[in-house]
Amino acid sequence: MDLTHRPRRLRQDRVRGLVSETSLEPADLIAPVFVDATTDERRPIESMPGHDRVPIDGIVDRVEEVLETGVEAIMLFGIPASKDPEGSRAWAEDGVIQEALRRITSETDAYVITDVCLCEYTDHGHCGPLEEELRSEDVVDADGPACEPTMTVDNDATLEALEKIVTSHARAGADMVAPSGMMDGMVGAIRSALDEAGFEHVPIMSYAAKYESAFYGPFRDAADGAPSFGNRRHYQMDPANSREAMREVRLDDEQGADVMMVKPALPYLDIVSAVRREFDHPVAAYNVSGEYAMLHAAAEKGWLDLEAVGLESLLSIKRAGADLILTYFAEDVAKRL
Ligand SMILES: [Zn+2]
């Protein structure tokens, strides 16, 4: 038997590390952190074991816990004291994110990225103020509308709100802003608003290809962000589409996004990989709450080894082409690296 090619030669213990193609560092990871203006004490998030909603007074301690693991960056999500149809607490100078940012940036060295959206701040839970959507059948049917007009998010009114949010975040000390609402033109609007306010140095990580995914379920417990009616498919992407993702990323590129994010991660590794190939920006992938919760649930039943599958998940996301990974596993994995 002539077996010149034996790939097993390089799988021996002492050489595996030398030929490993992908490595994971704590510096690749971003830990999502939830700050909650409605509570005085830490509240565990049931569907996301190990994660809490923390009060503003506890945010510095929470961020220090993250930093101790070697993870240097956090993504900050806020739960406001009150909600209204416009989501006005999102840009309040004394808003939950703004208060938390001032404390984190003055007391820690964390690199703080803020999620920029309205869904946690509007009383209806959508990612911007609403307008009636006029559908074509409403116009052409002489006997009257075929069905009731539906409500959808008012894109351009939302852009004005996003401009106010990012400038208030930057003033409070945000290192980077991450618009997640999938509004058309959001990156351009935010870039101009930041530049005009003197924050040319603040980068934008765009949730460029964000899918309307059922894997976000547990996050909605965490951030009180479930829409009170309907769903988000009028603005988030159809899971069936990949060419459209390239178009979304290209638009964000043209508008000045610095980092391109794909969300979720594991069911969309083909998209992560395609964005890596087609664009020269750093690529971020969001390993979302459902991807985290399902592994925990299986591990609780004794069906999976949690440490192993958590690490393997992140490694696969990195291998697909992500430079940065947002993940609820950040601290657990970083501790072991
Ligand atoms: Zn949103």
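Atoms within each ligand, like the ligands themselves, are counted from 1 in listed order.
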Is a side-chain donor-acceptor pair under 3.5 Å present for Asp84 with Tyr121?
no

How many protein N, O or S atoms sit closer than 2.8 Å to the Zn ion (ligand 1)?
3

With a 3.5 Å cut-off and no angle check, do the side chains of Thr152 and His234 form a donor-acceptor pair?
yes

Test of understanding: with salt bridge (charged side-chain N to carboxylate O under 4.0 Å, His left out), list the residues that count as partners of Arg191, not counting sequence neighbours.
Asp195, Asp258

Test ring-ring contact (aromatic ring centres under 6.0 Å, His included) applied to Tyr328 - qualifying residues, sequence neighbours left out:
His51, Tyr292

Return yes if a side-chain donor-acceptor contact under 3.5 Å exists between Arg277 and Ser273, otherwise no.
yes

Could you list the donor-acceptor pairs under 3.5 angstrom formed by side chains in residues 260-271, with sequence neighbours left out?
none

